[in-house]
Enquirer: 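Right, I'll just put the structure down here and ask away after.
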Amino acid sequence: MKKHNFSAGPSILPQEVFEKSAQAVLNFNNLGLSILEISHRSKDFVSVMEEARATALELLGLESKGYQALFLSGGASMEFVRVPYNLLKENGKAAYLDTGTWAAGAIKEAKRFGNTEIIGSSKEANYTYIPKDYTVPADADYFHCTSNNTIFGTQMHSFPETGVPMVCDMSSDIFSRELDFSKFGLIYAGAQKNMGPAGTTLVVVKEDILGKTGRAIPGIMDYGQHIAKESMYNTPPVFPVYTSLLTLQWIKNNGGVAAMEEKNNSKAELLYNEIDRNPLFTGTANTEDRSKMNVTFLLKDEKHTEQFDKLWKAADISGLNGHRSVGGYRASIYNAMPIESVKVLVDVMQELERNA
Ligand SMILES: *Cc1c(COP(=O)(O)O)cnc(C)c1O
């Protein structure tokens, strides 16, 4: 029995992606070989990489606009390091928006490289909102933000106009909504939230922002070298890349990012409406900054905890516990989450209200 999986990451993927990737482990492209045992330089895998890179750009509307897509490894956390390595000049300055644990992690790494200015932060309010009252300094080498704060359940619903390259960690909302992605100089996303298994990170970078720091960059850290080697600088994480490609194809075959956004809006509306209507629950994030991917909420009275936990577990729901820094509950409703599963959760919340 497949559970209703609300896990924040690694998280749900489309069922057909699980099935096709499992098949490729046994017999890839009818080669009589597993995808796990063929050379990454073989024609069959090279075309996986090429298609994954092209489909990522296509879904974001960035083909033939000077961007390159890379599938790297080391997680989003590695990009916390690669970004300043590749973009922060020796005597330059980076501007960061501090909107949560992951944003703070990116800031910590940038500080090791040089002058890093935090131009807005909601830390004092335990990251329950997105700061809006900030200006990006015109002399910054780049501006870094986190589009969706996976732990705190907040999301940027608008982005500033900046005169400098805008870098965005989109790990938990990539491909979930339409944006003018050409506003960004660099986008990165760990696969395991909304794209694939853990082990690869999508990096989309506008080529003309690179090569300006005057720094010597080790090859593995250098976006330029990864581009020159067509995302095969070293052995790529073949299975996560293949599985990510299957998800990208699934998105494309199901109406693209616009169709994902429409479904995600319906799921988020259904769940937030229940949180706001049901007298037993309350949301934790500032209403206008609520995330459509990670819905964080609390029981108003903790005495109902045991009863609620029993009810959702009995309904085959999994992965609903909140992050330890917020407590309560977090329902992650990524692209692959069907609205039927959200309805099951809403039913359980209503059942608690009737029986509490
Ligand atoms: C999960 C997450 C990360 C960390 O990703 P790793 O791949 O574990 O390094 C970074 N940023 C955001 C927004 C995340 O949700």
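We count ligands from 1, going down the list as the structure has it; atoms in each ligand are counted the same way. The figures that follow rest on heavy atoms only: side chains count, while hydrogens, waters and symmetry mates do not. A quick note: this is a predicted structure, and the numbers were derived from the prediction, not measured.
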Enquirer: Considering only the protein, which heavy-atom contact is closest to atom 5 (O) of ligand 1, and what is its distance?
Expert: A76 CB, 3.5 Å
Enquirer: Ring centroids only, cut at 6.0 angstrom: are F6 and Y329 within range, meaning strictly under it?
Expert: no
Enquirer: Is a salt bridge present between D98 and K123, judged by a nitrogen-to-oxygen distance below 4.0 Å?
Expert: no
Enquirer: Report the C-alpha separation of D289 and K132 in whole Å, then their side-chain angles, then the decisive distance to 0.1 Å, and conclude whether the salt bridge (Lys or Arg N to Asp or Glu O under 4.0 Å) test is met.
Expert: CA-CA 10 Å; D289 301 322; K132 295 174 194 80; 2.8 Å; yes
Enquirer: Can you pull out the closest protein heavy atom to atom 11 (N) of ligand 1? Residue, atom name and distance to 0.1 Å, please.
Expert: D169 OD2, 2.6 Å
Enquirer: Tell me: protein heavy atom nearest atom 9 (O) of ligand 1, and distance?
Expert: S77 OG, 2.6 Å
Enquirer: Atom 15 (O) of ligand 1: which protein heavy atom is closest, and how many Å away?
Expert: T150 OG1, 2.5 Å
Enquirer: Return the residue, atom name and 0.1 Å-rounded distance of the protein heavy atom closest to atom 3 (C) of ligand 1.
Expert: W102 CD2, 3.4 Å
Enquirer: Tell me whether ligand 1 is touched by G190 - counting only heavy atoms on the residue side and a distance under 4.0 Å.
Expert: no
Enquirer: As a test of understanding, state which of K193, K292, Q155 forms a side-chain hydrogen bond (donor to acceptor under 3.5 Å, both in side chains) with D173.
Expert: Q155
Enquirer: Any N/O of N148 closer than 3.5 Å to an N/O of ligand 1?
Expert: no
Enquirer: Salt bridge or not between E109 and R112? Use side-chain N to carboxylate O under 4.0 Å.
Expert: yes
Enquirer: Does the pair K343/E340 count as a salt bridge with the N-to-O cut at 4.0 Å?
Expert: no
Enquirer: Classify the ring geometry of Y96 against H144: parallel below 30°, tilted from 30° to 60°, perpendicular beyond 60°.
Expert: parallel
Enquirer: Side chain, backbone, both or neither: which applies to I151 and ligand 1 if a contact is any heavy-atom pair less than 4.0 Å apart?
Expert: neither
Enquirer: If you count the atoms of ligand 1 from 1 in the order shown, which ones are under 4.0 Å from a heavy atom of G75?
Expert: 7 (O), 9 (O)
Enquirer: If we ignore angles and hydrogens, is there a donor and acceptor under 3.5 Å between the side chains of T128 and N286?
Expert: no
Enquirer: What is the nearest protein non-hydrogen atom to atom 1 (C) of ligand 1, stated with its residue, atom name and distance?
Expert: K193 NZ, 1.6 Å
Enquirer: Would you mind checking which non-hydrogen protein atom is closest to atom 8 (O) of ligand 1, with the distance to 0.1 Å?
Expert: Q192 NE2, 3.5 Å
Enquirer: Just distances here: any N/O of T146 and N/O of ligand 1 closer than 3.5 Å?
Expert: no
